[in-house]
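All of these numbers come straight from a predicted model, not from anything done at the bench.
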Amino acid sequence: MKFYLPIITALFIFSCNNAKTNTETASNAFSELDTTINFPTIFPVGEFLKGQIMEIKKSNARLLKITVNNGKSDSIWLKKEQLDVLFNEFYTPLIDSASYSPFFKESKFFDQSINAITLTYDVENNLPDTIPWKHWDIYIDPESNQVKRIFLVKKIAPDKIRQLTWLPGKSCRGITIINNSSTEDEVTVKWSYTDSNDQ
């Protein structure tokens with residue numbers, strides 16, 4: 001299941017009145033996307049990730065979990081029954097416009113260094129205790145209109161944050177950081193798809 005973004009990309013790409021073919025003109029056009037919006041319509045991160053997880057569960061993907069604690073690494077193969085618990089932190093609580101828009105501002109820009117349209121969300125107003133999310137970025141391929149990467153920052157304790165990265169179709173990672181400096185643990189899950197004949 002591919003996740004397309006026709007409405008969002010329309011805001012970016014079709015805001016340029018004249019389509020150009022040369023690189024310089026395209027770069028100039030995308031530079032005009034740099035904006036900051038208060039009370040934005042927030043990208044449905046939670047629903048996107050739940051769709052990704054459903055795709056993995058319905059596929060023949062093999063999943064490898066790699067855990068790093070105190071410099072020591074351990075890896076195990078996962079069963080699909082374990083995914084709901086493992087990936088729950090990526091979409092709990094669910095990020096949606098109705099609940100989150102009053103508390104965050106959205107910045108949109110084209111990052112030429114990584115060739116991606118970037119949506120960045122930062123705290124604008126005081127957050128209620130029910131919202132642990134502090135920041136997130138969504139990177140979109142300007143040609144395919146598909147999400148390339150999602151990065152989220154979540155407060156899980158007074159002195160701890162959880163940095164979560166999702167690479168669609170490839171892997172995800174969660175890192176716990178104490179006092180914004182030292183790493184407590186790191187968990188990476190990688191998945192690959194095999195032919196059904198190889199099962």
Side-chain angles (χ1 to χ4, degrees), residues 1-56 87 89-91 93-125 127 131-155 161-175 177 180 188-191:
M1 175 177 63
K2 300 292 184 182
F3 193 95
Y4 296 95
L5 306 169
I7 297 176
I8 293 176
T9 52
L11 292 174
F12 292 116
I13 299 171
F14 295 111
S15 62
C16 306
N17 295 326
N18 299 313
K20 305 293 182 180
T21 55
N22 64 73
T23 304
E24 181 178 358
T25 304
S27 296
N28 290 338
F30 276 118
S31 69
E32 295 174 3
L33 302 178
D34 295 4
T35 59
T36 298
I37 302 175
N38 294 325
F39 299 98
T41 299
I42 291 176
F43 179 91
V45 175
E47 292 299 335
F48 173 81
L49 294 176
K50 289 170 73 174
Q52 288 274 299
I53 295 164
M54 182 62 66
E55 179 182 349
I56 296 170
F87 292 150
E89 65 177 339
F90 282 85
Y91 57 83
L94 204 66
I95 295 174
D96 65 83
S97 288
S99 301
Y100 285 54
S101 183
F103 302 103
F104 290 86
K105 63 180 179 181
E106 175 191 81
S107 299
K108 306 175 185 178
F109 60 96
F110 178 67
D111 191 334
Q112 298 183 42
S113 64
I114 59 174
N115 189 37
I117 296 169
T118 304
L119 305 180
T120 295
Y121 297 89
D122 289 299
V123 176
E124 175 71 1
N125 298 306
L127 292 177
I131 298 180
W133 304 108
K134 302 303 177 186
H135 170 91
W136 65 93
D137 302 306
I138 298 122
Y139 301 87
I140 302 168
D141 188 304
E143 296 182 4
S144 67
N145 301 334
Q146 295 186 27
V147 174
K148 297 173 63 174
R149 180 164 73 102
I150 293 178
F151 173 75
L152 309 104
V153 178
K154 184 180 190 179
K155 185 175 182 179
I161 61 170
R162 187 81 167 153
Q163 293 183 346
L164 302 168
T165 303
W166 188 279
L167 300 178
K170 298 178 181 179
S171 64
C172 66
R173 174 175 297 174
I175 302 174
I177 297 179
N180 295 316
T188 301
V189 178
K190 299 180 178 181
W191 51 91

Residue pair [X] / [Y]: nearest heavy atoms and the distance that separates them:
X: Pro93; Y: Trp133; result: O-NE1, 3.0 Å
X: Trp191; Y: Cys172; result: CZ3-N, 3.7 Å
X: Ser97; Y: Thr41; result: OG-C, 3.4 Å
X: Asn145; Y: Ile140; result: C-CG2, 3.8 Å
X: Pro142; Y: Phe110; result: CG-CE1, 3.8 Å
X: Ile42; Y: Ser101; result: CD1-N, 3.5 Å

- Note on the structure: Which of Leu152, Leu49, Ile175 passes side-chain contact (heavy atoms from CB on, under 4.5 Å) with Leu164? It is Leu152

Measuring from atom [atom1] of [X] to atom [atom2] of [Y], what distance do you get when rounded to the nearest 0.5 angstrom?
X: Asp96; Y: Glu47; atom1: CG; atom2: CD; value: 8.5 Å
X: Thr120; Y: Asp137; atom1: OG1; atom2: CG; value: 4.0 Å
X: Ile131; Y: Phe103; atom1: CD1; atom2: CZ; value: 5.0 Å
X: Ile117; Y: Lys108; atom1: CD1; atom2: NZ; value: 10.0 Å

- Counting distance only, does the side-chain N/O of Lys148 pair as donor-acceptor with the main-chain N or O of Ile114 below 3.5 Å? yes

Side-chain heavy-atom pair [X], [Y] within 4.5 angstrom cut-off:
X: Ile138; Y: Arg149; result: no
X: Val147; Y: Phe43; result: yes
X: Leu94; Y: Lys50; result: yes
X: Gln163; Y: Ile177; result: yes
X: Trp166; Y: Ser171; result: no

- Pair Thr118, Asp111: side-chain N/O donor-acceptor within cut-off below 3.5 Å: no

- Return yes if a side-chain donor-acceptor contact under 3.5 Å exists between Thr165 and Arg173, otherwise no. no

- With under 30° as parallel and over 60° as perpendicular, where do the rings of Phe104 and Tyr100 fit, or are they tilted in between? parallel

- Residue that, paired with Trp136, satisfies ring pair (Phe, Tyr, Trp, His ring centres under 6.0 Å) out of Phe48, Phe151, Tyr121: Tyr121

- Query: Taking only residues two or more places apart in sequence or in another chain, which ones pass side chain to side chain donor-acceptor pair (under 3.5 Å) with Glu89?
  - Reply: Arg162

